[in-house]
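Reviewing the structure listed below.
A note on names: the letters A, B, ... follow the listed sequences, proteins ahead of strands, and every chain is numbered from 1.
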Protein chains: 2
Amino acid sequence: MIQPPIRTLHSCDCHFGWDKAVAPAMIVAPGERVTIACRDAGDGQVNGDSTHDTMATLDPGRANPLTGPIHVDGARPGDALIITIEDFSPSGFGWTGLIPGFGLLADQFPDPRLQLWNYDTSGRTPLAFNGIAEIPFAPFIGTIGTAPATPGPHDVIPPRRVGGNMDIRDLRTGTVLYLPVEVEGALLSIGDTHAAQGDGEVCGTAIESGMEVRIKLELARGGAPRFPRYATSGPRPGDLERSGVVATTGIGPDLMTACRDAVADMIDHLSRSIAAEDAYMLCSVAADLRISEIVDAPNWVVSCVIPRSIFVDRASV
Amino acid sequence: MIQPPIRTLHSCDCHFGWDKAVAPAMIVAPGERVTIACRDAGDGQVNGDSTHDTMATLDPGRANPLTGPIHVDGARPGDALIITIEDFSPSGFGWTGLIPGFGLLADQFPDPRLQLWNYDTSGRTPLAFNGIAEIPFAPFIGTIGTAPATPGPHDVIPPRRVGGNMDIRDLRTGTVLYLPVEVEGALLSIGDTHAAQGDGEVCGTAIESGMEVRIKLELARGGAPRFPRYATSGPRPGDLERSGVVATTGIGPDLMTACRDAVADMIDHLSRSIAAEDAYMLCSVAADLRISEIVDAPNWVVSCVIPRSIFVDRASV
């Protein structure tokens with residue numbers, strides 16, 4: 001069978017926010033593959049000359065630019081759009097920031113902070129963090145969704161039933177994602193690519209980095225899941241837990257408070273040897289929030305788990 | 001240096017609930033190692049003759065019997081009790097149940113259900129689940145805590161700042177746990193050993209199984225963490241994600257609702273090929289609840305993640 005050529009959608013085909021009224025940038029048939037150029041989540045407002053103050057002056061109207069939408073021929077409300085994630089071509093430049101007013105502990109971290117990352121695009125060299133840590137390259141799509149049926153525009157920040165800014169770090173090479181279709185043609189858009197992140201993205205930013213993403217698009221007639229579903233093809237990259245993990249916990253009747261307690265305690269723990277702002281950003285790019293138990297009423301347990309392998313000085317954690 | 005002999009605490013030295021007034025069953029010096037025999041979480045009410053109905057007639061007053069307490073010489077309020085978990089000797093018999101009124105989806109599963117497990121005590125053979133799945137042996141301590149300073153008795157079910165029924169599946173061989181000490185002597189008790197569990201323990205029971213646990217006890221003067229902290233020594237056992245995972249999501253402004261949505265959707269997904277009750281129990285013993293993002297206000301994303309490797313027929317999931 002002759003494979004159709006892989007088509008390319010450039011990052012000039014970009015829109016802000018979700019709106020089914022945005023005209024398609026491309027029309028594809030089910031089974032086609034597309035390479036999609038994604039701008040970074042800051043739409044280029046952060047570059048090699050940026051400083052901590054840049055985080056205080058970002059234009060929120062330019063957050064999470066989305067490349068698309070792609071109209072998938074024959075997609076109808078109630079279908080599932082099946083996206084197979086095939087490959088990432090990274091830019092080699094990324095950033096992580098503390099944006100005042102944003103993030104799980106925004107009240108505890110009022111000041112702007114910026115970490116720049118210049119990294120090996122082959123993915124073989126971990127991303128260096130201030131001589132403290134080395135984060136394996138683990139690229140994924142932060143924002144991927146179809147257009148909501150409800151007339152827009154809709155803010156790009158919150159994810160929805162149709163996906164969007166889900167920041168699920170398993171949306172990586174080899175993963176198959178099933179998204180509900182709510183409008184004719186599905187109208188898929190993609191952006192906010194990340195070079196690495198922990199489960200939770202606790203400071204509000206990951207390693208934000210523009211990339212090209214190659215995907216394949218298919219349809220399951222009438223197969224819309226209630227919420228997005230996905231399947232990975234193998235273990236998470238980087239064998240992060242090979243040297244064990246360090247974990248803090250939050251325990252109590254409110255999951256959000258337990259998450260905040262667990263992350264705050266991890267920052268306290270790491271702050272014995274590094275700046276609290278660095279610890280917070282490191283948690284965002286490398287620590288996972290896990291629900292250890294959610295049944296022993298009235299108190300639940302959340303663990304904030306960081307792998308020892310990322311630390312240059314493992315004895316320090 | 002001559003190691004002191006390993007002492008043994010038998011399961012007849014057992015109490016129900018937490019209370020600093022319970023007399024110590026053993027006094028140890030920091031640095032000593034103890035083998036502790038733990039009854040199962042049902043205190044022997046479940047055996048090879050039990051039926052689904054057994055789950056409706058369990059005496060809640062006998063839940064989670066605790067072996068102990070152990071008085072650690074010199075432990076004072078404000079210290080950390082450091083517990084190194086060295087080894088498990090399992091009984092070879094376990095159970096998982098749906099207990100009416102208990103569990104994350106208690107409203108959706110009103111009927112009692114029981115799964116019995118007879119397993120290889122060497123830990124080398126996975127635990128078979130009705131010809132559907134095979135769960136690697138991954139033993140850990142479900143309940144471990146020091147006595148609360150507040151006069152008791154206190155219900156054993158909810159975990160607290162001093163630990164207790166935390167059901168953290170990383171409290172396994174090689175893990176070091178740091179617990180706050182609130183009373184003289186710390187008064188450590190242990191029980192509720194599990195042969196395997198997913199993060200969340202969603203149906204309310206894991207693979208409940210009596211075991212002997214060997215631990216070492218040390219103190220850090222004035223080192224009490226705010227909540228329990230732990231460090232593992234290596235990856236989770238079983239290489240569960242080698243064949244990838246299947247994941248469902250819950251998306252919305254309330255983490256508890258998102259968790260319930262994600263688990264309910266996983267049960268729906270698995271129910272294409274197995275009974276919903278089996279799917280729910282399988283999630284409890286093998287699926288993980290992860291917080292994918294907790295910053296894209298106002299909607300958070302929770303993923304319910306189950307490894308493909310446990311399924312006999314991997315194509316079915």
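By number of non-hydrogen pairs under 4.5 angstrom with chain B, the leading residue of A:G200, A:P235, A:A231 is A:G200. Of all the listed residues (A:M256, A:R242, A:R308), the one sharing the greatest number of non-hydrogen pairs under 4.5 Å with chain B is A:M256. Interface check for chain A: of the options B:I306, B:D261, B:V317, B:D268, the most heavy-atom pairs under 4.5 Å are formed by B:D261. Highest contact tally toward chain B, considering only A:M166, A:R226, A:E241, is held by A:R226 [criterion: heavy-atom pairs under 4.5 Å]. Looking only at heavy-atom pairs under 4.5 Å with chain A, the residue among B:V245, B:L289, B:D239 that has the most is B:V245. Interface remark: of the candidates A:D167, A:T205, A:D155, A:D167 forms the most heavy-atom pairs closer than 4.5 Å to chain B. When the candidates B:G252, B:P228, B:S284 are compared by the number of heavy-atom contacts under 4.5 Å with chain A, B:P228 comes out ahead. Most heavy-atom pairs under 4.5 Å with chain A: of the set B:Q197, B:R160, B:R236, B:R161, this distinction falls to B:R236. No other option in A:L255, A:I251, A:D199 has as many heavy-atom pairs under 4.5 Å with chain B as A:I251.
With sequence neighbours excluded, no residue forms a side chain to side chain donor-acceptor pair (under 3.5 Å) with B:W300.
Remark: the B:Y230 side chain and the A:S303 side chain contain an N/O donor-acceptor pair separated by less than 3.5 Å.
Using a 4.5 Å cut-off between non-hydrogen atoms, no part of residues 139-147 of chain B approaches chain A. Listed in order of number, the residues of residues 99-106 of chain A that approach chain B to under 4.5 Å between heavy atoms are A:F102, A:G103, A:L104. Residues of residues 290-299 of chain B lying under 4.5 angstrom from chain A, judged on non-hydrogen atoms, are B:R290, B:I291, B:S292, B:E293, B:I294, B:V295, B:D296, B:A297, B:P298, B:N299 by number.
The contact between B:S233 and chain A is made entirely by backbone atoms, counting heavy-atom distances below 4.5 Å. Only the side chain of A:D170 comes within contact range of chain B, judged by heavy atoms closer than 4.5 Å. B:S243 touches chain A through its backbone: at least one of N, CA, C or O sits under 4.5 Å from a heavy atom, while the side chain does not. No part of B:D288 comes within reach of chain A, as not one of its non-hydrogen atoms sits under 4.5 angstrom from that chain. If you measure heavy-atom distances from A:V156 to chain B, you find no contacts under 4.5 Å at all.
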Practice prompt. Test salt bridge (charged side-chain N to carboxylate O under 4.0 Å, His left out) on A:D265 and B:R229 and set out the steps.
Written response: CA-CA 9 Å; A:D265 274 9; B:R229 186 173 81 239; over 6 Å; no
Item to complete: Show your reasoning for whether side chain to side chain contact (heavy atoms under 4.5 Å, CB included) applies to A:F227 and B:T248.
Response: CA-CA 7 Å; A:F227 287 106; B:T248 49; over 6 Å; no
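Looking at every heavy atom in both residues, A:V301 comes nearest to B:P159 through CG2-CG, 3.7 Å.
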